[in-house]
Undergrad: 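Structure below; questions to follow.
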Amino acid sequence: MLTATGLTVHYGHREVLHQVDVGVGSGELLAVLGANGSGKSTLLRATAGLVPADGEVTIDGRHRGPLDIALVFQRIHLVGRRSALDNVCTGALGRLPLHRSLTPALFPREVREEAMGCLERVGLADRAHDRADGLSGGQQQRVAIARALCQRAPVVLADEPVSALDPAAAEQVLELLAELAHTEGLAVLAVLHQPDLARRHADRVVGLRDGAVVLDGPPDQPVDSLYPHALLETTS
Ligand SMILES: Nc1ncnc2c1ncn2[C@@H]1O[C@H](COP(=O)(O)OP(=O)(O)OP(=O)(O)O)[C@@H](O)[C@H]1O
């Protein structure tokens with residue numbers, strides 16, 4: 001279980017996240033929704049320790065450790081000229097001894113086997129030896145998710161993981177994240193711009209407005225109030 005309590009972030013003198021409390025259970029996919037600038041990415045980055053924040057983040061009651069959180073981004077950071085399998089192996093770098101991590105071309109056999117298992121879980125074992133840049137955007141995002149699995153982190157944070165994908169690939173990636181949460185017992189938090197996807201795949205939805213949580217509940221609750229343009233459309 002991931003628990004963030006009282007998260008507060010300042011950029012300069014501006015407070016952009018105000019005392020946010022968010023919990024994600026093991027086996028749960030939580031979608032974070034909100035308009036542009038509402039603080040979604042800041043919440044994700046503060047939870048991951050990528051920006052300084054007041055408050056506390058614990059995982060199963062312990063302070064967050066450096067390998068506890070795996071990250072998946074909208075811009076998929078794979079090494080294009082390396083194989084899908086090599087990219088997944090890099091998820092294990094954090095737990096390899098230093099001399100092994102300096103020569104990532106020579107990943108130990110057990111890591112390669114584990115990485116292959118991760119590719120199987122995302123349905124891409126047959127593309128393991130293809131160059132990453134020869135895969136479609138949706139397939140590359142699934143490789144990035146396999147890499148997160150290979151990190152063995154109990155928590156996955158995904159920042160707009162499907163914003164660069166076509167609707168079918170987006171659906172597939174969200175389905176995969178939900179399935180991994182449910183079958184692997186991962187706590188998955190995904191920042192999304194598509195309330196429909198959240199409704200179909202998330203177990204729970206948190207809504208942010210102006211850096212504060214204004215909604216937390218089941219995925220089928222109305223979320224129009226999070227989006228100023230939706231208000232304009234309904235009142236015009
Ligand atoms: N590095 C930064 N320096 C200063 N201000 C920032 C920085 N990053 C974000 N902000 C500000 O913090 C607020 C929240 O931004 P954030 O990116 O978290 O929102 P978001 O909900 O993820 O937006 P979007 O949907 O557009 O990605 C915004 O007002 C933004 O301008």
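Numbering of ligands and ligand atoms starts at 1, following listing order. Computed from a predicted model, the values in this text were never measured in an experiment. Values reported hereafter were calculated over all heavy atoms of this structure, with side chains retained and with hydrogens, waters and symmetry mates removed.
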Undergrad: Return the protein residues near ligand 1 (heavy atom under 4.0 Å from any of its atoms), ordered by chain and residue number.
TA: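 The 4.0 Å shell around ligand 1 contains Y11, R14, V16, A35, N36, G37, S38, G39, K40, S41, T42, E160, H193.
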
Undergrad: Checking N87 side chain against A84 main chain: does a donor-acceptor pair fall under 3.5 Å?
TA: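 Judged by distance alone, no pair lies under 3.5 Å.
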
Undergrad: Check whether more than 12 heavy atoms from other residues, nucleotides or ligands sit under 6.0 Å from atom CG of D220, and answer yes or no.
TA: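 Counting other residues, nucleotides and ligands, CG of D220 exceeds 12 neighbours.
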
Undergrad: Using a 4.5 Å cut-off on heavy atoms from C-beta on, say whether the side chain of L7 contacts that of V57.
TA: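 Of all side-chain heavy-atom pairs linking L7 with V57, at least one is under 4.5 Å.
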
Undergrad: One thing to verify: whether K40 and E160 come together as a salt bridge, which I'm taking to mean a side-chain N less than 4.0 angstrom from a carboxylate O.
TA: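 A salt bridge is absent here (no side-chain N lies under 4.0 Å from a carboxylate O).
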
Undergrad: What residue among R200, Q194, R199 forms side chain to side chain donor-acceptor pair (under 3.5 Å) with D196?
TA: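 Testing D196 for a side chain to side chain donor-acceptor pair (under 3.5 Å) against R200, Q194, R199 leaves exactly one candidate, R199.
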
Undergrad: With salt bridge (Lys or Arg N to Asp or Glu O under 4.0 Å) as the criterion, how do R121 and E184 come out once you've worked through the C-alpha distance, each side chain's angles and the decisive distance to 0.1 Å?
TA: CA-CA 10 Å; R121 273 136 88 196; E184 310 285 330; 2.8 Å; yes

